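Shown next, in structure tokens, is the structure this report addresses.
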Amino acid sequence: MAESPRRAADRRLQLPLLCLLFQGVTAILFAIFVRYNHETDAALWHRGNHSNADNEFYFRYPSFQDVHVMVFVGFGFLMAFLQRYGFSSVGFTFLLAAFALQWSTLVQGFLHAFHSGHIHVGVESMINADFCAGAVLISLGAVLGKTGPAPLLLATLLEVVLFGINEFVLLRVLGVRDAGGSMTIHTFGAYFGLALSRVLYRPRLEKSRQGSVYHSDLFAMIGTIFLWVFWPSFNSAPTALGDVQHRTALNTYYSLTASTLSTFALSALVSRDGRLDMVWGGHLERGRGVAWESEESSCKEDSPGEQVHIQNAALAGGVVVGTSSEMMLTPFGALAAGFLAGTVSTLGYKFFTPILESKFKVQDTCGVHNLHGMPGILGALLGALVTGLATHEVYGDGLQDVFPLIAEAQRSATSQAVHQLFGLFVTLMFASVGGSLGGLLLKVPFLDYPSDSQCYEDQIYWEVPEEHEDKAQEPLRVEEPDTQV
């Protein structure tokens with residue numbers, strides 16, 4: 001893996017310069033524009049006759065904590081399945097999310113919370129910034145292992161701006177309801193990343209390096225469990241307090257359970273021998289890039305992207321109810337939606353991901369199309385359907401909290417449903433065009449990229465233990481399976 005001294009020097013300078021530049025610019029912008037809101041500022045809060053228990057912090061901060069853990073622990077470890085890319089998966093997640101939180105505070109602030117020449121921040125702006133960071137990390141999953149931290153920072157710079165504009169158009173201009181972000185977070189993040197991956201397509205990648213080992217998949221399952229447990233908070237964090245937040249958490253809770261059962265069922269059903277599939281690229285034999293599948297112990301080369309059902313598809317229930325979770329979906333509806341999402345996601349990993357690469361030249365490292373893309377679209381369609389069925393009889397006075405435009409007779413339920421569908425179209429347009437432009441921007445020659453043979457390797461960007469480095473240098477070997485019982 002020898003490389004030229006000039007390339008190593010470029011790598012040494014690009015990331016520090018970008019980090020220092022971005023931090024300096026955001027710090028200046030914070031100094032000029034960002035101020036505490038009325039619930040955070042000492043003088044403003046004590047100017048009114050308030051009880052400290054009334055501060056929004058006490059109602060929103062528990063949800064914020066859950067969302068924050070999902071972003072930094074859940075997404076980070078979910079992407080740690082690659083056997084030689086664990087440092088990068090967790091570390092680059094840490095870096096990109098930290099930058100996205102600052103940059104999105106500014107972008108979202110200018111669009112949503114700019115008053116009297118200042119951006120006013122509080123716990124709600126922290127939650128919204130985490131949502132934006134979540135979309136960025138979804139996009140990262142599509143190009144994981146194929147680019148370096150400096151290009152990823154530039155992609156984040158662009159994506160946060162487009163995320164903010166898309167969110168503003170949907171929520172403010174079109175009046176779309178999307179509490180859990182099926183459209184604004186999952187669909188946008190997935191298709192931005194897929195478009196980015198298409199432009200950055202590498203036809204000669206060594207797919208054997210995408211394999212996992214036993215402990216890397218266990219780390220990834222830690223991310224899965226964190227995301228699964230906290231997802232009700234993710235969907236309910238921005239909703240109106242009271243029955244709406246309660247209902248959102250409940251619908252997400254049941255949808256996740258159903259997607260888990262459907263994932264386990266389909267995972268066993270579509271495998272050759274009925275075994276559950278947790279790992280990436282099939283059942284790897286000690287990380288050597290070989291998948292043992294049939295009862296006759298015949299082996300075949302890995303097919304990255306076909307599997308990893310349990311790690312990912314079980315989470316699809318949280319994505320599919322993102323839009324409709326605050327609505328009167330009913331507990332049965334939540335179960336049905338989750339079961340459908342788990343089924344579609346599992347089948348996508350098994351059958352569609354190989355087609356996505358072979359026919360459409362999209363290398364989706366983490367399968368974000370199956371976990372976030374397709375379930376996100378299904379979630380948007382489900383939201384439009386439930387919106388079209390909204391009536392005063394069903395919602396009562398609660399209609400104002402969920403559909404204020406319908407409650408105020410500015411729109412009919414059918415009109416609101418049409419706006420929901422149009423919001424999906426707008427999101428797909430922003431994501432695909434934005435991701436393609438981002439890919440073209442990242443193809444400028446001076447940016448640092450690993451060569452095809454260096455993709456999915458930690459040691460290009462990290463100091464790694466000697467035994468890991470030695471193991472990475474070993475040629476991949478195909479060994480006969482041990483047939484002894």
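The structure presented is a predicted model; accordingly, all values stated were derived computationally and were not measured.
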Interatomic distance, Leu95 atom CG to Leu18 atom CG [nearest 0.5 angstrom]: 10.0 Å
Do any N or O atoms from the side chain of Tyr349 and from the backbone of Gly367 form a donor-acceptor pair under 3.5 angstrom? yes
CZ/Phe230: more than 12 non-hydrogen atoms of other groups inside 6.0 Å: yes
Heavy-atom closest contact (Gln416 atom, Val176 atom, distance): NE2-CA, 4.1 Å
Test item: Leu15 and Cys19 side chains (from C-beta on) under 4.5 Å apart, heavy atoms: yes
Test log, rule side chain to side chain donor-acceptor pair (under 3.5 Å), inputs Ser197 and Lys146: CA-CA 9 Å; Ser197 180; Lys146 296 173 290 186; 3.2 Å; yes
Could you check whether the rings of Phe99 and Trp103 sit parallel, tilted or perpendicular, using 30° and 60° as the cut-offs? parallel
For Ala80 and Val90 the tightest heavy-atom approach is CB-CG2, 4.3 Å
Test item: Thr239 side-chain N/O and Asn235 main-chain N/O as donor-acceptor pair under 3.5 Å: no
Check: Thr224 side chain, Gln311 main-chain N or O, donor-acceptor pair, under 3.5 Å: yes
Heavy-atom side-chain contact between Met374 and Leu378 under 4.5 Å: no
Could you check Phe234 against Phe131 for ring pair (Phe, Tyr, Trp, His ring centres under 6.0 Å), going step by step and ending with a plain yes or no? CA-CA 8 Å; Phe234 187 91; Phe131 284 161; 4.8 Å; yes
To the closest 0.5 Å, what do you measure between CG (Asn128) and OG1 (Thr105)? 9.0 Å
Test Leu200 against Lys443 for side chain to side chain contact (heavy atoms under 4.5 Å, CB included), laying out the working first. CA-CA 7 Å; Leu200 300 178; Lys443 292 187 76 171; 3.6 Å; yes
Do Asn166 and Thr184 have a side chain donor and acceptor closer than 3.5 Å? no
Students often mix this up, so state it plainly: with edges at 30° and 60°, are the rings of Trp231 and His186 parallel, tilted or perpendicular? parallel
Examine Phe226 together with Phe75 and report whether their ring centres are nearer than 6.0 Å. no
Can you tell me how far the OG atom of Ser139 sits from the NE2 atom of His372, to the nearest 0.5 Å? 9.5 Å
Side chain to side chain donor-acceptor pair (under 3.5 Å) between Asp66 and Ser233: does it pass, once the steps are laid out? CA-CA 6 Å; Asp66 293 350; Ser233 295; 2.5 Å; yes
Tightest non-hydrogen contact, residues Val320 and Gly317, listed as CG1-O, 3.5 Å
Parallel, tilted or perpendicular for His118 and His120, by the 30°/60° rule? perpendicular
Partner of Ser262 under side chain to side chain contact (heavy atoms under 4.5 Å, CB included), picked from Leu335, Val344, Thr343, Leu340, is Thr343
Where do Phe403 and Met327 land on the side chain to side chain contact (heavy atoms under 4.5 Å, CB included) test, with the steps shown first? CA-CA 9 Å; Phe403 298 111; Met327 305 173 189; 3.7 Å; yes
Judged by atom type as modelled, is there a donor-acceptor pair below 3.5 Å linking the side chain of Thr147 to the main-chain atoms of Pro151? no
Compare all side-chain heavy atoms of His309 with those of Leu266 and state whether any distance is below 4.5 angstrom. no
Between Leu381 and Leu421, does a side chain to side chain contact (heavy atoms under 4.5 Å, CB included) hold up when you go through it step by step? CA-CA 7 Å; Leu381 297 176; Leu421 291 175; 3.7 Å; yes
CG (Leu385) and OG (Ser324) are apart, to the nearest 0.5 Å, by 9.0 Å
May I ask you to check whether over 12 heavy atoms, not counting those of Phe110, lie within 6.0 Å of atom CZ? yes
Please check: side-chain N/O of Ser125 versus main-chain N/O of Gly122, any donor-acceptor pairing under 3.5 Å? yes
Student check: side-chain heavy atoms of Arg172 and Glu167 closer than 4.5 Å: no
Min side-chain heavy-atom separation Leu162-Phe188 under 4.5 Å: yes
Counting only heavy atoms from other residues, nucleotides and ligands, does the tally under 6.0 Å from OH of Tyr36 exceed 12? no
So does Met183 get a backbone contact from the side chain of Asp178, meaning a donor-acceptor N/O pair under 3.5 Å? yes
Quick check against the 3.5 Å criterion: does Thr257 have a side-chain atom that pairs as donor or acceptor with the backbone of Tyr254? yes
Please check if the side chain of Tyr395 supplies one atom and the backbone of Ala390 the other of a donor-acceptor pair under 3.5 Å. no
Run Asp130 and Phe72 through side chain to side chain contact (heavy atoms under 4.5 Å, CB included) and show every step you take. CA-CA 9 Å; Asp130 268 316; Phe72 285 91; 4.2 Å; yes
To the nearest 0.5 Å, atom OG of Ser345 lies from atom NE2 of His369 at 10.5 Å
Ile119 and Arg35, any side-chain heavy atoms less than 4.5 Å apart: no
Taking everything shown except Phe430 itself, do over 12 heavy atoms lie less than 6.0 Å from its CZ? yes
Considering all heavy atoms of both residues, which atom of Asp364 and which atom of Ala142 are nearest to each other, and what is their separation? OD1-CA, 3.6 Å
Looking at every non-hydrogen atom in both residues, tell me the closest pair between Pro232 and Ser236 and how far apart they are. O-OG, 2.7 Å
With a 4.0 Å cut-off, would you call Arg177 and Glu326 a salt bridge? yes
Whether Glu39 side chain and Glu56 backbone form a donor-acceptor pair below 3.5 Å: yes
Do Phe22 and Leu154 make a side-chain contact, defined as non-hydrogen atoms from C-beta onward lying under 4.5 Å apart? yes
Do Val136 and Val160 have side chains that get closer than 4.5 Å, going by heavy atoms? yes
Taking atom CZ of Phe219 as the centre, does the number of heavy atoms from other residues, nucleotides or ligands within less than 6.0 Å exceed 12? no
Looking at Leu20, Leu21, Thr26, which one forms a side chain to side chain contact (heavy atoms under 4.5 Å, CB included) with Gln23? Thr26
Shortest non-hydrogen contact from Ile185 toward Ala135: O-CB, 3.8 Å
Between Ser216 and Ser212 (side chain of the first, backbone of the second, donor and acceptor by atom type, cut-off under 3.5 Å), is there such a pair? no
Other residues, nucleotides and ligands only: do more than 12 of their heavy atoms fall within 6.0 Å of OH on Tyr201? yes
Got a second to check how far Ser259's OG is from Asn312's CG, nearest 0.5 Å? 11.5 Å
